[in-house]
There are 2 protein chains.
Amino acid sequence: MINSLPKRTETFLNGGEVVAEDSRPGESCMILKGFAARSHYSRDGSRQISALHVPGDFVDLHAYLLRVMDHGVIAIGSCEVAYVSYDSIRRVTEESPHLGRLLWLSTVIDGAIQRAWVTCLGRRTAEQRMAHLLCELYLRLEAAGIATGNSFHLPLTQSQLADLLGLSVVHVNKKLQKLRLSGLVDWRGGIVVIRDFGDLARLAEFDPTYLSLRVETR
Amino acid sequence: MINSLPKRTETFLNGGEVVAEDSRPGESCMILKGFAARSHYSRDGSRQISALHVPGDFVDLHAYLLRVMDHGVIAIGSCEVAYVSYDSIRRVTEESPHLGRLLWLSTVIDGAIQRAWVTCLGRRTAEQRMAHLLCELYLRLEAAGIATGNSFHLPLTQSQLADLLGLSVVHVNKKLQKLRLSGLVDWRGGIVVIRDFGDLARLAEFDPTYLSLRVETR
DNA sequence: CGTGTAGTTGATAGTGCTCAATTTTAGTGG
DNA sequence: CCACTAAAATTGAGCACTATCAACTACACG
């Protein structure tokens with residue numbers, strides 16, 4: 001669908017600024033390879049990452065309507081993105097209502113993932129949040145055809161993970177070790193191996209409904 | 001805009017189920033009077049409220065595209081809502097692209113509010129979360145023409161507040177008292193009085209940009 | 001006037017944070 | 001291939017914030 005749109009592609013290294021916070025972009029970006037994250041900085045220098053994006057995700061389509069970026073987008077590991085201009089997007093939505101609906105749908109699924117994340121931050125322990133993240137990522141990557149077997153590449157620093165989970169680096173480190181010891185997951189040097197998805201999902205109280213991976217007519 | 005659509009209205013008491021979790025509704029609801037909240041239940045009985053809605057909000061428009069509700073909607077205090085059928089919504093989006101864009105916009109602003117809430121849960125203390133909530137609500141209610149002066153009606157139980165902030169009831173109670181003592185806010189018996197919005201916003205590190213209250217052409 | 005819900009209190013325990021130091025890993029130039 | 005360096009990961013100790021438990025009070029309603 002998006003393949004038909006004119007675009008320019010660009011590659012970023014870890015930490016690279018894909019879209020700047022508070023900017024007013026004239027184009028939206030889609031991840032082609034690698035990962036990107038939505039980041040929010042506070043005045044005291046602390047950071048919260050509110051979403052992690054995988055290939056196929058339209059990261060900042062909402063800015064097409066909101067005009068101003070309420071967050072920045074940074075590369076996690078090396079990351080290749082395609083920028084599509086708002087003009088193209090507008091043309092698509094006007095000429096093809098069906099494709100317009102799919103764009104709307106993608107922002108709406110994005111919202112569902114955010115809601116699940118709110119629940120995660122509000123009501124789960126550190127260990128559960130980590131497990132939940134891995135369950136979600138595994139399914140999203142599998143749906144994107146990227147996860148091989150029960151393992152995937154995830155170049156996420158423990159410090160970035162801490163900002164994603166709303167925890168401190170030290171605590172993340174300790175709980176990650178506990179997860180490894182439990183034998184459910186092995187995550188080391190950018191490679192995640194899920195040893196027992198069922199038990200991991202049980203630990204995380206993970207229910208994949210919100211990911212909307214089931215095929216529905218819309 | 002919505003006034004032109006055919007609808008049925010209904011009134012709920014505190015805690016009433018406006019839309020059921022996991023259901024597949026055939027209509028979307030808009031708040032006319034009072035408040036409603038998105039609630040997610042866990043297996044262990046704990047609950048997280050992921051959003052609080054004020055009059056004018058289209059609470060579950062996303063289900064028009066997602067088909068399945070990933071959360072429930074409950075009334076906070078007594079609450080009057082209007083249900084609009086998906087057929088009407090579909091007709092509007094097809095006949096008037098501009099109104100369609102406004103509907104899309106409303107789901108996208110909803111997403112921005114959720115992102116801000118993720119940052120709040122991940123990186124702010126109990127007191128700051130409470131202050132942030134009040135700042136946000138005040139501006140939203142003012143924009144909806146409901147907040148009078150520096151005060152508004154908010155029939156939120158401390159237990160509901162705890163589920164919204166991701167805290168325990170006991171802790172909410174103690175921090176609320178601290179807020180009262182500080183003189184920034186007086187919240188008692190369902191009435192919130194903001195004594196010093198500036199200081200409250202400073203405490204919460206509140207930045208209203210994400211609410212998209214500025215008028216932009218879209 | 002009894003009953004139930006909401007709000008309040010105090011004590012104790014646990015989860016996660018901060019600080020500071022140390023080890024490991026990855027990348028660079030010689 | 002090795003030395004050098006910076007970033008990332010790891011460790012331990014002490015502390016702060018928040019949860020849990022168990023009363024107890026205040027208030028609304030029939």
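Here is how names work: the chains are called A, B, and so on, in the same order as the sequence lines, proteins then strands, and each is numbered from 1.
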Undergrad: Going by salt bridge (Lys or Arg N to Asp or Glu O under 4.0 Å), name the residues that satisfy it together with A:E205, two or more places apart in sequence or in a different chain.
TA: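 Partners of A:E205 under the salt bridge (Lys or Arg N to Asp or Glu O under 4.0 Å) test: none.
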Undergrad: Taking atom C1' of D:dG14 as reference, at what distance in whole Å does atom NE2 of A:H171 sit?
TA: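 Between C1' of D:dG14 and NE2 of A:H171: 16 Å.
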Undergrad: I'd like to check A:C79 versus A:K33 (side-chain heavy atoms, cut-off strictly below 4.5 Å). Are they in contact?
TA: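 The answer is no; the side chains never approach within 4.5 Å.
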Undergrad: Output a table of nitrogen or oxygen pairs between the protein and nucleotides 8-12 of chain D separated by less than 3.5 Å.
TA:
residue	atom	partner	partner atom	Å
D:dA9	OP2	A:Q158	N	2.7
D:dT10	OP1	A:R180	NH1	3.4
D:dT10	OP2	A:Q158	NE2	2.6
D:dT10	OP2	A:N173	ND2	2.6
D:dT10	O5'	A:N173	ND2	3.2
D:dT11	OP2	A:Q177	OE1	2.5
D:dT11	OP2	A:Q177	NE2	2.8
D:dG12	N7	A:K174	NZ	3.2

Undergrad: Expected output is a numbered-order residue list: members of residues 121-136 of chain A with a heavy atom under 4.0 Å from any atom of DNA chain C. What is it?
TA: A:T125, A:A126
Undergrad: Establish, from distance only, whether the side-chain atoms of A:D163 and A:Q48 form a donor-acceptor pair under 3.5 Å.
TA: no
Undergrad: Please name all residues satisfying side-chain hydrogen bond (donor to acceptor under 3.5 Å, both in side chains) with B:T107, sequence neighbours left out, ordered by chain then number.
TA: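 B:T107 satisfies side-chain hydrogen bond (donor to acceptor under 3.5 Å, both in side chains) with A:W104 only.
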Undergrad: Among residues at least two apart in sequence or on other chains, which ones pass side-chain hydrogen bond (donor to acceptor under 3.5 Å, both in side chains) with A:S42?
TA: A:S46
Undergrad: Which atoms form the tightest heavy-atom contact between A:M130 and A:V172, and what is the distance?
TA: CE-O, 3.8 Å
Undergrad: Checking A:T11 now: which residues fulfil side chain to side chain contact (heavy atoms under 4.5 Å, CB included) with it, not counting sequence neighbours?
TA: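 A:T11 satisfies side chain to side chain contact (heavy atoms under 4.5 Å, CB included) with A:E80 once adjacent residues are dropped.
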Undergrad: Are A:V185 and A:R195 side-chain neighbours, meaning at least one heavy-atom pair lies under 4.5 Å?
TA: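 Sidechains of A:R195 and A:V185: no contact.
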Undergrad: Taking all non-hydrogen atoms of both residues into account, name the closest pair between A:V68 and A:D22 and its distance.
TA: CG1-O, 3.9 Å
Undergrad: Take the C1' atoms of the five end pairs on each side of the helix from C:dC1-D:dG30 to C:dG30-D:dC1, derive the two axes, and give their angle rounded to 10 degrees.
TA: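 Overall, the helix from C:dC1-D:dG30 to C:dG30-D:dC1 bends by 50° from one end axis to the other.
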Undergrad: By the 4.0 Å heavy-atom rule, please label B:G190 as base, sugar-phosphate, or nothing.
TA: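 Result for B:G190 = nothing.
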Undergrad: Among residues at least two apart in sequence or on other chains, which ones pass ring-ring contact (aromatic ring centres under 6.0 Å, His included) with A:F206?
TA: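 By the ring-ring contact (aromatic ring centres under 6.0 Å, His included) rule, A:F206 matches A:H132.
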Undergrad: Scan residues 10-50 of chain A for pairs that pass ring-ring contact (aromatic ring centres under 6.0 Å, His included), counting only residues two or more places apart or in two chains.
TA: A:H40-A:H71
Undergrad: Once you apply a heavy-atom cut-off of 4.0 Å, does B:G15 come out as touching a base, just sugar-phosphate, or nothing?
TA: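 Here B:G15 touches no strand at all.
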Undergrad: Does some side-chain heavy atom of B:S106 sit less than 4.5 Å from a side-chain heavy atom of B:I109?
TA: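 No - every pair of side-chain heavy atoms lies 4.5 Å or more apart.
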Undergrad: To check you understand the geometry: which heavy-atom pair defines the closest contact between B:S39 and B:R47, and what is its length?
TA: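 The answer is CB-CD, 4.1 Å.
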Undergrad: Does the side chain of B:V84 come within less than 4.5 Å of B:M30's, by heavy atoms?
TA: no
Undergrad: Could you tell me the boundaries of the chain A footprint on DNA chain C, defined by atoms under 4.0 Å from its heavy atoms?
TA: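 Both ends considered, the range comes out as C:dG16 to C:dC19.
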Undergrad: Take nucleotides 23-30 of chain D nucleotide by nucleotide from the 5' end and write B, S or -, depending on whether a protein heavy atom sits under 4.0 Å from the base, only from the sugar-phosphate, or from neither.
TA: --------
Undergrad: When the side chains of residues 143-153 of chain B are checked against the rest of the protein, which donor-acceptor pairs come out under 3.5 Å, sequence neighbours left out?
TA:
residue	atom	partner	partner atom	Å
B:N150	ND2	B:I194	O	3.0
B:S151	OG	B:V192	O	3.3
B:H153	ND1	B:G190	O	3.3

